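One structure is given here, and the rest of the page talks about it.
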Amino acid sequence: MPVLVLPKTSRPAARVHGRTWQYTGVPRWVYLVAAVGALFILLPLAGMVAQVNWGQFGALITSEPSVAALLLSLKTAAASTALCIVFGVPLALLLARAQFFGQRILRALILLPLVVPPVVGGLALLYTFGREGLIGKSLTVVGINIAFSTTAVIMAQTFVALPFLVLSLEGTLRTAGQKYEAVAATLGARPGTVLRRITFPLVLPGLISVAVLSFARCLGEFGATLTFAGSLQGVTRTLPLEIYLQRETDPEAAVALSFLLIAVAVLVVALTYRAPKSPLRALMSPEAAP
Amino acid sequence: MTLEFNATIAARNVKLELTLDAGETLAIMGPNGAGKSSVVQMLAGLLKPDSGSAVLQGRALFSLSPGAQWLPPHERGLGVLAQDPLLFPHLNVLENVAFGPRSQGRGKADSRVSAAHWLQEVDASGLATRLPSQLSGGQAQRVALARALATEPELLLLDEPMAALDVNSAPFLRSLLKRVLAGRSAIIVTHSVLDALLLADRIIVMDGGRIVESGPTAAVLAHPRSAFAASLAGLNVLQGVLESGSLLMRDGGRVAGRLVSAFAEAPQPAGGLEGMAAFAPSAVSVFLAPPQGSPRNCFKVSVGELEPQGEQIRVRAGALSADISPAAAAELGLQPGTEVYFVVKAAEVVLYPA
């Protein structure tokens with residue numbers, strides 16, 4: 001008679017963190033190496049928090065340049081995120097659903113800003129929309145100067161975050177069942193109706209979480225912004241630029257502002273990581289069926 | 001004539017032609033990969049063939065090489081029910097059923113009235129406010145049927161509608177389909193001979209992208225010509241040439257039987273006629289040594305597999321099967337590989353032309 005032998009574990013077969021114990025099969029050394037990796041990420045955060053001058057914290061982050069930088073960052077990141085959604089959603093739809101010549105090449109090229117250093121991206125923008133740039137030259141003639149303006153900040157952030165949104169959303173669209181769209185079409189729904197009543201509601205949770213992450217990416221953009229938009233207080237000097245500047249003159253202010261950015265980032269991550277448990281998403285997972 | 005359809009898809013090696021009368025239900029059967037679902041998808045507008053055409057009640061659904069006419073799915077007016085109910089997860093049951101009428105341009109209130117009517121037709125009125133995630137498989141499929149019917153399609157396409165249901169909910173949906181398919185034009189792809197018998201007027205057997213057999217359901221099952229139809233009907237079928245009241249097989253063996261009466265009176269051409277011999281596994285007796293005397297058919301075979309078949313044991317040997325009692329199987333000491341003789345009386349064998 002064959003007997004099923006269950007592996008022995010060092011932990012009792014009890015409920016762990018409110019879940020019933022189940023065999024997972026992770027070797028113990030994996031925990032060790034993973035712990036080193038986790039510490040590598042968490043320790044620097046602790047190191048930074050330890051450096052914050054809490055007595056002066058309020059004054060440091062409410063100084064005039066700090067507030068100007070924070071407001072500019074929030075404003076431009078919000079505008080960039082909106083642009084990413086407006087242009088990114090159609091792009092993702094085409095990449096995920098349509099079939100056209102050059103689709104694979106387009107997808108590969110759209111990926112580029114994700115892998116190219118942001119400084120290079122900023123230079124590319126400068127040589128395109130700058131005063132002497134490919135398109136900028138003509139724009140200057142009609143009196144439009146983009147480089148070193150708030151518009152430039154928004155463009156730099158969009159340039160960096162758009163591919164990220166497009167690729168994530170394309171993945172979401174691919175998994176969010178083309179089958180439902182086909183059924184909707186056989187029920188007499190035109191493509192526009194299918195998009196509005198089926199596709200969008202199905203990918204909405206995914207779109208929200210990727211938009212929040214794009215917002216965070218815009219908030220942290222440094223290289224492309226500095227290269228293409230410069231560092232003018234209240235106009236183009238976003239929070240990361242302000243931090244870099246203060247680091248030389250007032251390290252305590254830099255640390256305080258850094259902590260502020262980390263706090264915003266934690267908030268963003270908390271928001272997106274809650275998304276999979278949101279009621280809408282829970283409804284859509286097949287496991288939710290009783 | 002309500003539907004005339006022909007199509008070829010080179011990549012899937014599909015080439016077929018079929019017609020459907022008004023109010024007729026046609027069952028498409030065949031092994032996996034035979035191209036059954038491709039037919040449904042082409043008609044629904046979800047798969048484009050290389051060439052062919054489909055005309056539904058005088059209206060062209062598509063007409064390709066020659067021609068380049070292709071009606072998108074939303075303009076075809078067909079209802080589709082697949083194996084997976086695919087109810088929209090973010091809409092409740094009533095909204096799911098109202099989706100079709102709404103998409104056809106009817107008002108919100110009007111669509112809901114219509115949806116409520118169709119939910120009642122499938123005995124699902126009580127589920128109206130539920131979300132799809134709160135339904136069982138059988139309930140979801142009933143709602144999906146109501147949703148397909150709510151658009152009042154000219155042709156209903158059912159692609160294995162009961163394949164994913166458990167044994168308890170399948171009979172309920174089957175009787176429901178029996179009711180709604182009466183007087184409706186429909187094509188049902190199925191693996192179940194029961195579905196074909198109960199729901200369809202006519203059956204088509206596909207294999208390798210071609211139609212290998214077609215006819216009224218009962219006739220196809222009584223006198224199968226393809227191996228697949230024979231297995232559906234649960235019959236042993238042998239191929240050969242009909243010659244003076246028996247079937248001469250390619251290997252030289254001869255099978256005695258009785259000719260189908262309608263064919264018996266017809267004059268037989270010289271040199272014989274391609275034909276079939278069919279007999280039920282229950283008509284086969286199994287012996288370890290060839291029986292003496294009596295005019296019976298005897299096949300020397302090697303036992304392949306033994307499996308339960310109701311109260312009996314099914315003995316499979318190559319293309320043939322025999323159903324014997326467990327006691328007989330034990331007495332014979334049957335094992336895979338045992339050399340035995342399958343014996344069947346001539347009176348139990350039906351001969352008919354291919």
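Within every chain, numbering begins at 1; the chains are lettered A, B, ... in the order of the sequence lines, protein sequences first and strands thereafter. Predicted model only: the values in this text are computed from it and were never measured.
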So OG1 of A:T186 and CZ of B:R147: to nearest 0.5 Å the spacing works out to 7.5 Å

Q) Does atom CD of A:Q178 have more than 12 heavy-atom neighbours from other groups under 6.0 Å away? A) yes

Okay, B:L78 and chain A: the region with an atom under 4.5 Å from a heavy atom over there is backbone

All heavy atoms of B:H74 vs all of A:A189, minimum pair found to be CB-O, 3.1 Å

Between B:F88 and A:Y180 the two heavy atoms that sit nearest each other are CE2-O, 3.4 Å

So, the part of B:L91 with a heavy atom under 4.5 Å from chain A: the answer is side chain

Evaluate whether atom CZ of A:F101 has more than 12 neighbouring non-hydrogen atoms of other residues, nucleotides or ligands under 6.0 angstrom away. no

For B:H90 and A:P201 the tightest heavy-atom approach is CD2-CB, 3.3 Å

Counting neighbours of CZ on B:R106 that are heavy atoms of other residues, nucleotides or ligands and sit closer than 6.0 Å, is the number greater than 12?
yes

Practice task
Report yes if the side chains of B:F99 and A:V183 come closer than 4.5 Å at any heavy-atom pair, otherwise no.
Solution key: no

Okay, B:A148 and chain A: the region with an atom under 4.5 Å from a heavy atom over there is backbone

(Q) Would you say CG of A:L42 has more than 12 non-hydrogen atoms from neighbouring residues, nucleotides or ligands within 6.0 angstrom? (A) yes

A:R104 atom CZ, over 12 foreign heavy atoms within 6.0 Å: no

Interface check, chain A: of B:L87, B:L157, B:D84, most non-hydrogen pairs under 4.5 Å belong to B:L87

